[in-house]
Amino acid sequence: MGAIERLRQFIDYKRISKYQFYKKTGLANGYLDRNGSIGSDKCEIIIEQYPEIRLEWLILGKGAMLHGEDTQLATPKIEAQFSLRTDKKVAMQNVPLYELDATAGLVALFSEASRQVPISHLQIPDLPPCDGAIYVRGDSMYPLLKSGDIVLYKEIPGGSSSILWGEMYLLSFVLEGETYITIKYIQKADDERFVRLVSHNPHHSPKDIPADSIRALALVKASVRFNTLG
């Protein structure tokens, strides 16, 4: 994971929007959407506006994210599992972690031809087979999933025809020409041509979408949360 990826992890952890970050730092729109290192001039700006960030963590990935935390970060902790009764667990697997590019979306991520290079891998024991992992964005599944958590998923090639009602899914769908990526429970809608997307967060209302608007679908198998060792 590079410095900009860690910077994205920080703003997710602090629940800072990209708009708020750009406005506070004066950095150009799109700065957070690239990968790689951060120049010394940019580091100075970021640390001046967010002094709680430890510079060694930001640049080198060493130690804790924030001042006042223990100098070692914990290894990923499985926060929850969402296994099916029919799942067979794997003793240990190396799950690729991707930085989801919203412009390319899940369709490209799930495609063998255009699948991006993982930013890291998670070694996870005793879980059902998983195809990959991504960071959670937004709060629609809060408090079960928080922004900055990681979800591990299993791709569903059959699309909406393979939905298991009531399970949690990572999905991409298109409405009025706009592509949306979200994590929701999928339930039956009153109209069989639609499916109902339901959030865990009660402040988000259920939404019915056409079943044929779904472009990519994956079952969420587990979530991971990074905690600081005390």
Side-chain angles (χ1 to χ4, degrees), residues 5 8 12 17-18 29-30 32-35 80 82-84 86-87 95-122 127-142 144-201 204-224:
E5 290 91 340
R8 287 196 293 262
D12 281 339
S17 71
K18 288 184 178 180
N29 288 346
L32 291 169
D33 297 326
R34 63 187 187 90
N35 296 322
F82 311 103
S83 303
L84 303 176
T86 54
D87 283 338
V95 181
L97 173 64
Y98 298 102
E99 181 66 43
L100 183 61
D101 183 349
T103 59
L106 290 185
V107 176
L109 181 62
F110 290 179
S111 169
E112 289 292 342
S114 57
R115 195 185 304 273
Q116 63 181 266
V117 176
I119 60 173
S120 187
H121 286 79
L122 302 175
L127 280 181
C130 297
D131 293 316
I134 64 166
Y135 286 101
V136 174
R137 311 295 188 201
D139 65 351
S140 68
M141 300 302 286
Y142 184 86
L144 183 62
L145 300 175
K146 297 196 301 184
S147 186
D149 286 355
I150 293 171
V151 291
L152 294 85
Y153 60 82
K154 180 67 177 176
E155 296 168 23
I156 307 298
S160 59
S161 63
S162 302
I163 289 173
L164 299 173
W165 304 113
E167 297 296 333
M168 189 189 308
Y169 286 89
L170 167 66
L171 71 151
S172 173
F173 61 94
V174 176
L175 286 181
E176 298 179 352
E178 293 290 332
T179 300
Y180 299 88
I181 299 171
T182 189
I183 300 173
K184 301 284 188 185
Y185 298 114
I186 299 184
Q187 298 178 358
K188 281 187 176 182
D190 296 333
D191 187 330
E192 63 181 13
R193 297 171 300 173
F194 287 72
V195 297
R196 181 163 296 163
L197 306 183
V198 180
S199 302
H200 193 78
N201 188 335
H204 290 250
S205 301
K207 181 177 182 62
D208 290 359
I209 64 169
D212 61 8
S213 71
I214 297 174
R215 298 291 181 264
L217 191 66
L219 260 171
V220 175
K221 292 295 185 180
S223 66
V224 170

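Counting from 1, the numbers follow the sequence of the chain as shown. Just so you know, these numbers use all the heavy atoms, side chains as well, and skip hydrogens, waters and symmetry mates.
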To the nearest 0.5 Å, what is the distance between CD1 on Ile214 and CD1 on Ile209? 4.5 Å
Surrounding OH of Tyr185 (heavy atoms of other residues, nucleotides or ligands, distance under 6.0 Å), is the total greater than 12? yes
Ignoring hydrogens and geometry, is there a side-chain-to-backbone donor-acceptor pair from Asn201 to Asp139 under 3.5 Å? yes
Kindly state whether the ring of Tyr153 and the ring of Phe110 have centres lying under 6.0 angstrom apart. yes
OH of Tyr98 to NE2 of His121: how many Å apart, nearest 0.5 Å? 6.5 Å
Note: Lys221 and Cys130 closest approach over all heavy atoms is CB-SG, 3.8 Å
Any salt bridge linking Asp212 with Arg193? Criterion: basic side-chain nitrogen under 4.0 Å from a carboxylate oxygen. no
To the nearest 0.5 Å, what is the distance between CG (Leu219) and CD1 (Ile156)? 4.0 Å
Would you say NZ of Lys207 has more than 12 non-hydrogen atoms from neighbouring residues, nucleotides or ligands within 6.0 angstrom? no
Is there a side-chain contact between Trp165 and Ile186, using heavy atoms and a 4.5 Å cut-off? yes
Heavy-atom closest contact (Ser199 atom, Met141 atom, distance): CA-SD, 3.9 Å
Counting only N and O atoms by type, is there a donor-acceptor contact under 3.5 Å from the side chain of Tyr169 to the main-chain atoms of Leu164? yes
